[in-house]
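Reckoned from all heavy atoms, side chains included, excluding hydrogens, waters and symmetry mates. Just so we're on the same page: letters track the sequence lines, and every chain starts at 1.
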Amino acid sequence: MEHIIDGFIEGIKLLLSFEGEVYSIIILSLYVSLTSTLISSLIGIPLGIFLGLKKFRFKRLLTRFLYTFMSLPPVVVGLTVAVIISRRGPLGHLRLLFTPGAMIIAQTLLVTPIITGIIFNNSKEQGEVIRQICKTLGGNRLDTLMLLIKEMRINILIGVVTGFGRAISEVGAVMIVGGNIKGHTRVMTSFIAMNNSMGNYSTSIAMGLVLLAISFMTNSILYKYIVGD
Amino acid sequence: MDINVKSLNKVYGNKAVVNIDTLTLRKGKIYGIIGPNGAGKSTLLRIMAGLEDATAGRMFYNESLLNDRILRNVTYMDQRPYLLRTSVFNNIAYPLKIRKYDKKTIENKTREIMREFKIGDLSSQLATSLSGGESQKVALARALVFEPQLLFLDEPTANIDPNSIELIEKVILKRNREKGMTPIIITHNMAQAKRLCDEVIFMDEGKIIEFGESKQVILDPQKESTRKFLSIYAM
Ligand SMILES: Nc1ncnc2c1ncn2[C@@H]1O[C@H](COP(=O)(O)OP(=O)(O)O)[C@@H](O)[C@H]1O
Ligand SMILES: [Mg+2]
């Protein structure tokens, strides 16, 4: 128990020391996860809405697939991406392995199904109601789409925040495709894992606190922006 | 707008839930639809409002088939209307916004109808936080703000307080008498049908059993099944 508290104190001290490496790690983490969340949102939001509204034969089957992909293990995604972009893989010539680009690709694959799934679910439930309301009030298809997005704004927010939370906190995928290279691909989670395995608990805890604070802040900002009207 | 229904059929599975030879509704009257649960009232209303497709049959609105131009002058309100997650004002202004009215007109028309419904003080309240009677008034104000010619209402005053019922009936009547709007209202309230509607349609098992002047149908029904249905409400 005592060494946990010590860890906390050490951690806060470390943070306040403004050590350069700590901050470049935080910035890289944010860059990688925000980029992948952005790409995933650009794909997942329209795709989820479209799939939710559309009537087609294999909708149930698709739902099941989506749910499976929503909970893909990061390590599996990391492995898959690594195989594809490794030097002998089909995309080997791009030389992406152990770069931030590779980490963005892996996290995008991880997050896109989450955002798509959440949006799909809501658009499936609300889509028909909104379509009808819009029709009875004289709206056309574009009006319906705009209204649906507006009515779903909280769900869209939840989807994006959930996706970002997944991206910033996963370690399996970034570790495999990024390699935790100091000054190049080292992010918060791989930093924590590494320090933990080396017995540097205080350092791990410090970074863990930062991770928590970032999650809290992004949620608050987005929430205020979207729900605060 | 007149409505002409010809050989209308709606089948779910192998059950015909609506089966109507002909039905003519005339502009400027107020119509009531009564009948037991499962009679097909809602289904008929939703088909006429363009929300559902019929299995077979045709409907004419002033001689033409349902199209986008007609739909813009038709509205429908559910028993539990869906209000948008925004203020009462924005809900009511919405139909005017999508019709691209200018800001000033939207503001004026919205304020005016809120006054008519006595909901001016709810203007900036979140619509999804209202009580049943308030929601109903907001939804109806939203449906009427663009002055539709046809108004389809599915049990608009079920489960709401008497004051709201009175107000809603008054507004419907006024719009009908002054602007020639044609309301078609499903109701389980026979007193309401008698006082508000010019003509009443009694439906049972998907068919129109009796159709005539409201007082006559309710007070002196000609068909056995109408009599039986009404006897339950006579108490
Ligand atoms: N989407 C649907 N699928 C299958 N059956 C339906 C559907 N909608 C309505 N029905 C059936 O059609 C019949 C008429 O329903 P409805 O029009 O709601 O009656 P009412 O409004 O007079 O109570 C009922 O037997 C109902 O179960
Ligand atoms: Mg009904």
Do [X] and [Y] come within less than 4.5 Å of each other through their side chains, counting heavy atoms only?
X        : Y        : answer
A:Arg186 : A:Met194 : yes
B:Gln79  : B:Asn159 : yes
B:Phe60  : B:Leu66  : no
A:Arg60  : A:Phe65  : no

Between [X] and chain A, with a heavy-atom cut-off of 4.5 Å, which part of the residue counts as in contact: side chain, backbone, both or neither?
X        : value
B:Phe152 : neither
B:Arg46  : side chain
B:Leu151 : neither

- Query: Which of residues 127-139 of chain A have a heavy atom under 4.5 Å from any heavy atom of chain B?
  - Reply: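 Heavy-atom contacts from residues 127-139 of chain A to chain B are A:Val129, A:Ile130, A:Gln132, A:Ile133, A:Cys134, A:Lys135, A:Thr136, A:Leu137, A:Gly138, A:Gly139.
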Listed by residue number, which members of residues 35-50 of chain A have a heavy atom under 4.5 Å from any heavy atom of chain B?
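From residues 35-50 of chain A, none sit under 4.5 Å of chain B.
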Which pairs, with at least one residue in residues 61-80 of chain A and sequence neighbours excluded, count as a side-chain hydrogen bond (donor to acceptor under 3.5 Å, both in side chains)?
->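 Of all non-adjacent pairs touching residues 61-80 of chain A, those that pass side-chain hydrogen bond (donor to acceptor under 3.5 Å, both in side chains) are A:Tyr67-A:Asn121.
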Hey, could you give me each pair passing side-chain hydrogen bond (donor to acceptor under 3.5 Å, both in side chains) that has a residue in residues 161-177 of chain A? Not counting sequence neighbours.
->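 Residue pairs passing side-chain hydrogen bond (donor to acceptor under 3.5 Å, both in side chains), neighbours aside: A:Gln107-A:Glu170.
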ask   = Under a 4.5 Å heavy-atom cutoff, which of A:Met146, A:Lys150, A:Gln126 has the most pairs with chain B?
value =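 The candidate making the most pairs under 4.5 Å is A:Gln126.
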Practice task
Using only heavy-atom distances, determine whether the side chains of B:Asn108 and B:Thr105 contain a donor-acceptor pair under 3.5 Å.
Solution key: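 Looking only at side-chain atoms, B:Thr105 and B:Asn108 do not form any donor-acceptor pair under 3.5 Å.
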Residue of the set B:Leu23, B:Leu25, B:Ile47 for which side-chain contact (heavy atoms from CB on, under 4.5 Å) holds with B:Val5: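 Exactly one pass, corresponding to B:Leu23.
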Intermediate values then yes/no, side chain to side chain contact (heavy atoms under 4.5 Å, CB included), B:Leu65 and B:Met59: CA-CA 6 Å; B:Leu65 294 169; B:Met59 295 175 301; 6.0 Å; no
Legend entry - Pairing of B:Asp2 and B:Arg26 as salt bridge, 4.0 angstrom limit: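 Counted as a salt bridge, because a side-chain N and a carboxylate O are separated by less than 4.0 Å.
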Against B:Glu107, only a single residue in B:Lys103, B:Lys104, B:Arg111 fulfils salt bridge (Lys or Arg N to Asp or Glu O under 4.0 Å); can you say which?
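Answer after filtering B:Lys103, B:Lys104, B:Arg111: B:Arg111.
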_Partner chain A: residue of B:Tyr82, B:Tyr76, B:Phe146 with the largest heavy-atom pair count (under 4.5 Å)_ =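 Answer, by heavy-atom pair count under 4.5 Å with chain A: B:Tyr82.
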Exercise for the section: Go through the steps for B:Tyr94 and B:Phe89 under the test side chain to side chain contact (heavy atoms under 4.5 Å, CB included), then give the verdict. Expected result: CA-CA 9 Å; B:Tyr94 180 72; B:Phe89 182 93; over 6 Å; no
